[in-house]
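Here is the structure we will look at, set down as structure tokens.
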There are 2 protein chains.
Amino acid sequence: MILVIAGKRLETHGIRGLNIKDIAQDAGINHGTLLHHFGSAEGMRTALLTNLTEALIADMSAILNSDAPADTIFVELFRLMSQSGHNKLLAWRALEDAEYSPLAEGPSEKLIQQILDGVTRRIQGRDITLAQNIIFLALSSAVGWGICGPALKQSMGMSRTQQDQFPAWVGEQLPKLIQD
Amino acid sequence: MILVIAGKRLETHGIRGLNIKDIAQDAGINHGTLLHHFGSAEGMRTALLTNLTEALIADMSAILNSDAPADTIFVELFRLMSQSGHNKLLAWRALEDAEYSPLAEGPSEKLIQQILDGVTRRIQGRDITLAQNIIFLALSSAVGWGICGPALKQSMGMSRTQQDQFPAWVGEQLPKLIQD
DNA sequence: AATGCTATTAACATTTGTGTCAATAGGTCT
DNA sequence: AGACCTATTGACACAAATGTTAATAGCATT
């Protein structure tokens, strides 16, 4: 529950909003209590990072393991990454610790392998490199979409509905890359 | 010169490295001097943000206005976004102030319009929506690539060279989307 | 040389964030 | 009830970041 409140502060106030005094105040508790639970302010931030990362992995897994058709999987992926918490997590990671990344270790590594297997199966017999490139394109654009999609949309004069349809368009296009 | 040092601290120490005492020490000057010039610590950070944004826009403009062939433009775009300073800028923006974004205002808006015109010209007569979608895909994946490309590469077991070739692959693929 | 301006500095003051501690309250187990 | 454990709190202590001020130095203009 505390971490939920902390996550909201990350969204609304950025990294500087992640201090124990403010979070404790939002939660209506004494800041000493926070220190007692997490050991230190840094410990609290690490716990939040872990928590948010697990949430992202879980959400991605849910999409992947659903029985949705291939094209809507991309739509869901983009929708997921546009959720404020998830893209802020990645932005935070990119800023704070360059050496560790939530998409490179532990359960997420397994998840990506899972995605890779799925796509490789679909393009039967073709080079795995192609599958990797396609996934790379899908994931990186989903991340970029989450981080500066709204800004790009604005400067390109795209309508709200057109922006909303972009994920579906990507879902249509990517399979074409397989065929050629 | 001060802002160059501040930018380096952003890369090496993240946002928490952007305090006037440390920056002043790196620069070998008194921290009061920094305050005198920028008015406040926040003013210094705003100046850095503006500075980095202008650098990004300038770099993008240089790529766009070069007479390089269309496919290498994508390669250059990706290379640009993988430069640490640029993707950290976007991550910082995404985290700190949700309402303002460097790709949505001022000179960058003009730049994106310029890109849009160029692509629209190439796909002669087709719907502008297609051009917008393609640009959206290219830019968003370039941003995502900059922010978590290395991590993705790692968890997908991609070799260094394959990751390096990804931009070129995108450069080959995107024109295909125009033809169909 | 005198004036005025700007840059720079050290020292101090304030504010904010973090951490410690002793005291209290509530619960569980014997 | 008594012993024990954990959670919580307020008060204080410490550290770090920011801001203020008076003094000094350098430099251009008159």
Side-chain angles (χ1 to χ4, degrees), chain A residues 1-55 84-85 88-100 102, chain B residues 1-54 84-85 88-100:
Chain A
M1 182 49 69
I2 296 293
L3 292 182
V4 173
I5 292 171
K8 280 191 184 130
R9 280 198 69 84
L10 175 64
E11 287 182 38
T12 54
H13 294 79
I15 288 179
R16 279 173 298 178
L18 290 183
N19 63 81
I20 49 179
K21 271 227 169 107
D22 288 343
I23 292 174
Q25 191 172 13
D26 279 13
I29 60 174
N30 189 284
H31 87 275
T33 305
L34 254 169
L35 282 173
H36 175 257
H37 281 295
F38 297 106
S40 66
E42 198 53 36
M44 180 269 295
R45 285 185 279 261
T46 302
L48 175 62
L49 214 42
T50 304
N51 201 49
L52 290 179
T53 303
E54 283 170 0
S84 187
K88 297 234 158 144
L89 164 67
L90 292 176
W92 183 13
R93 282 290 199 196
L95 265 182
E96 291 299 314
D97 47 0
E99 76 283 353
Y100 177 82
Chain B
M1 180 50 66
I2 295 292
L3 291 184
V4 172
I5 292 170
K8 277 189 185 132
R9 281 198 70 82
L10 175 64
E11 287 183 39
T12 55
H13 293 80
I15 286 181
R16 279 175 295 181
L18 290 184
N19 63 81
I20 49 180
K21 269 222 170 114
D22 288 343
I23 293 174
Q25 191 172 12
D26 279 12
I29 60 174
N30 189 284
H31 86 275
T33 306
L34 255 169
L35 282 173
H36 175 257
H37 282 294
F38 296 107
S40 66
E42 197 52 38
M44 180 269 295
R45 285 186 279 261
T46 302
L48 175 62
L49 216 42
T50 305
N51 201 49
L52 291 179
T53 303
E54 283 170 0
S84 185
K88 296 232 159 147
L89 164 67
L90 292 177
W92 184 11
R93 282 291 199 194
L95 263 182
E96 293 298 314
D97 46 1
E99 75 285 350
Y100 177 82

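Keep in mind that what you see is a predicted model, and the values were worked out from it rather than measured. Order of the sequence lines fixes the chain letters, A, B, ..., with proteins taken first and strands second; residue numbering starts at 1 for each chain.
Phosphate contact (OP1/OP2 of D:dT8, side-chain N/O of A:His36, threshold under 4.0 Å): absent. When the side-chain nitrogen and oxygen atoms of A:Arg45 are compared with OP1 and OP2 of C:dT18, one or more of them lie within a distance under 4.0 Å. Considering only side-chain N and O atoms, A:Thr33 lies nowhere under 4.0 angstrom from the phosphate OP1 or OP2 of D:dA7.
Taking atom CZ on B:Phe38 and atom C1' on D:dA17, their separation rounds to 17 Å, with Å as the unit. Rounding to whole angstrom units, CG of residue B:Asn19 and P of C:dG17 are separated by 14 Å. Residue A:Glu42 contributes atom CD, which lies 15 Å from atom P of C:dG17 at whole-angstrom precision. Counting to the nearest Å, the C1' atom of C:dA10 and the CG atom of B:Leu35 are 14 Å from each other. One interatomic measurement links the two molecules: CD1 of B:Ile20 to P of C:dT15, which rounds to 16 Å at whole-angstrom precision. Summarising the geometry, the separation between CD1 on A:Ile23 and C1' on C:dT16 is reported as 15 Å, rounded to the nearest angstrom. In this entry the distance linking NE2 of B:His31 with P of D:dA17 reads 11 Å, nearest Å. Spacing between atom CZ of B:Arg16 and atom P of C:dG17 amounts to 14 Å, rounded to whole angstrom units.
Scanning both residues, A:Gly17 and A:Ile23, for their nearest heavy atoms gives O-CG1, 4.0 Å. Looking at every heavy atom in both residues, B:Ala27 comes nearest to B:Ile2 through CB-CD1, 3.8 Å. Smallest separation of non-hydrogen atoms from A:Leu49 and A:Thr53: O-OG1, 2.7 Å. Residues B:Arg9 and B:Asp26 come closest through the heavy atom pair NH1-OD2, 3.1 Å.
Residue-level contact check: A:Asn30 touches the bases, meaning some heavy atom is under 4.0 Å from a base atom.
Between B:Met44 atom CE and B:Glu42 atom CD the span is 8.5 Å, to the nearest 0.5 Å.
Ranking D:dA17, C:dA7, C:dT20 by closeness to the B:His37 side chain, first place goes to C:dA7. The side chain of B:Lys21 has D:dA17 as its nearest neighbour among C:dG17, D:dA17, D:dG19.
Mapping A:Asp22 and A:Gly32 onto DNA chain C by nearest heavy atom places A:Asp22 closer to the 5' end of the strand.
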